[in-house]
Undergrad: 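Before anything else, here's the structure in question.
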Amino acid sequence: TLLAVLTVLASYLVGSVPAAAWVARTRGVDIRKVGSGNSGATNVQRSLGNGPALLVALFDILKGALAVWGAAWLGLGLPVMAACGMAAVIGHNFSPFLGFRGGKGVATTFGTMTALLPVAGLAFAAPIFFLTVGLTRLVSAGSLLAAAAAALSAALVGPPWLALVFAALALLMAWQHRENIRKLQAGTERRFGEKV
Ligand code: G3P
């Protein structure tokens with residue numbers, strides 16, 4: 001329906017709001033030019049500290065959740081809700097405000113997955129993320145393992161098509177982390193809090 005299409009487009013726009021780049025800019029920092037160069041909460045933490053990073057993480061999580069909840073509020077079904085969450089992640093990763101570049105989609109994917117299937121985000125993704133980052137201080141590794149765990153949980157308890165959606169989101173996240181994956185393999189990936 002037209003309403004569904006418009007809601008997906010609106011979700012893309014919500015997702016494309018580049019919180020990390022804009023918060024950094026208010027502090028006189030070009031987020032694309034510091035640390036990993038990524039427009040995300042991890043890189044904001046690196047260059048601006050915990051407060052701004054938390055703000056960016058919460059905002060980016062909300063973008064995914066609001067896209068899903070907005071569709072639900074309009075009476076659209078779970079498939080359209082999922083499409084809206086995916087659109088928010090795509091907006092975050094390929095933002096018109098950043099020349100169709102953007103972040104890696106970790107926070108927004110978490111918001112989307114948790115809004116669609118709370119157990120996936122709260123009982124699988126979040127614990128795996130904090131455990132991995134706590135043990136290794138590698139945010140990228142924690143993010144990728146958390147997304148994989150969420151996709152696994154969707155395969156266990158969700159409808160099969162939703163598991164496919166989660167797998168697609170995890171694969172997109174892995175693609176966005178291709179540079180991180182190279183560095184993880186080379187043993188040169190930045191640890192949480194490392195400035196370089
Ligand atoms: O927030 C995304 C995280 O998984 C990696 O970010 O800046 O270390 O490439 P970064």
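Counting starts at 1 for both ligands and their atoms, following the listed order.
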Undergrad: Walk me through it: do Met173 and Val89 pass the test side chain to side chain contact (heavy atoms under 4.5 Å, CB included)?
TA: CA-CA 9 Å; Met173 191 187 293; Val89 174; over 6 Å; no
Undergrad: Give a yes/no verdict on whether any heavy atom in Ser140 is under 4.0 Å from an atom of ligand 1.
TA: yes
Undergrad: Judged by atom type as modelled, is there a donor-acceptor pair below 3.5 Å linking the side chain of Arg32 to the main-chain atoms of Ser39?
TA: no
Undergrad: Could a heavy atom of Glu179 be found less than 4.0 Å from some atom of ligand 1?
TA: no
Undergrad: Tell me yes or no: between the side chains of Ser36 and Arg46, is some donor less than 3.5 Å from an acceptor?
TA: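 Looking only at side-chain atoms, Arg46 and Ser36 do form a donor-acceptor pair, the distance falling under 3.5 Å.
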Undergrad: Applying side-chain hydrogen bond (donor to acceptor under 3.5 Å, both in side chains), name anything that partners Asp60, two or more places apart in sequence or on another chain.
TA: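 Asp60 satisfies side-chain hydrogen bond (donor to acceptor under 3.5 Å, both in side chains) with Lys63 only.
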Undergrad: Please check: side-chain N/O of Arg178 versus main-chain N/O of Trp175, any donor-acceptor pairing under 3.5 Å?
TA: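 Yes.
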Undergrad: Closest non-hydrogen protein atom to atom 1 (O) of ligand 1, residue and atom name please, with distance?
TA: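 For atom 1 (O) of ligand 1, the nearest protein heavy atom is Thr42 OG1, 2.9 Å.
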Undergrad: Find all atoms of ligand 1 within a distance of less than 4.0 Å from any non-hydrogen atom belonging to Val139, and give their numbers and elements.
TA: 3 (C), 4 (O)
Undergrad: I want to confirm something. Looking only at heavy atoms, which of Lys104, Arg190, Glu189, His177 is nearest to atom 3 (C) of ligand 1?
TA: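 Of the listed residues, His177 has the closest heavy atom.
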Undergrad: So which protein heavy atom does atom 7 (O) of ligand 1 come closest to, and at what separation?
TA: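 I find the closest protein heavy atom is Ser36 OG, 2.5 Å.
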Undergrad: Would Phe129 and Phe110 count as a side chain to side chain contact (heavy atoms under 4.5 Å, CB included) here? Give the steps.
TA: CA-CA 10 Å; Phe129 177 82; Phe110 176 76; over 6 Å; no
Undergrad: Counting only heavy atoms closer than 4.0 Å, does ligand 1 sit against the backbone of Val106, its side chain, both, or neither?
TA: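 Under 4.0 Å from ligand 1, Val106 contributes side-chain atoms alone.
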Undergrad: In chain order, what residues pass the side-chain contact (heavy atoms from CB on, under 4.5 Å) check against Thr26, with sequence neighbours excluded?
TA: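 Here no residue qualifies.
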Undergrad: Under a heavy-atom criterion of less than 4.0 Å, does Gly40 contact ligand 1?
TA: no
Undergrad: Relative to ligand 1, is Asn180 under 4.0 angstrom through side chain, backbone, both or neither, heavy atoms considered?
TA: side chain
Undergrad: Atoms of ligand 1 less than 4.0 Å from Ser143 heavy atoms?
TA: 4 (O)
Undergrad: Would you kindly confirm whether Tyr12 and Leu116 end up in one hydrophobic cluster when ILVMFWY residues are joined by side chain heavy atoms under 4.5 Å apart?
TA: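 Yes: a chain of side-chain contacts under 4.5 Å links Tyr12 to Leu116.
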Undergrad: Provide the number and element of each atom of ligand 1 under 4.0 Å from a heavy atom of Arg46.
TA: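 Reading through ligand 1 atom by atom, the close ones are 7 (O), 8 (O), 10 (P).
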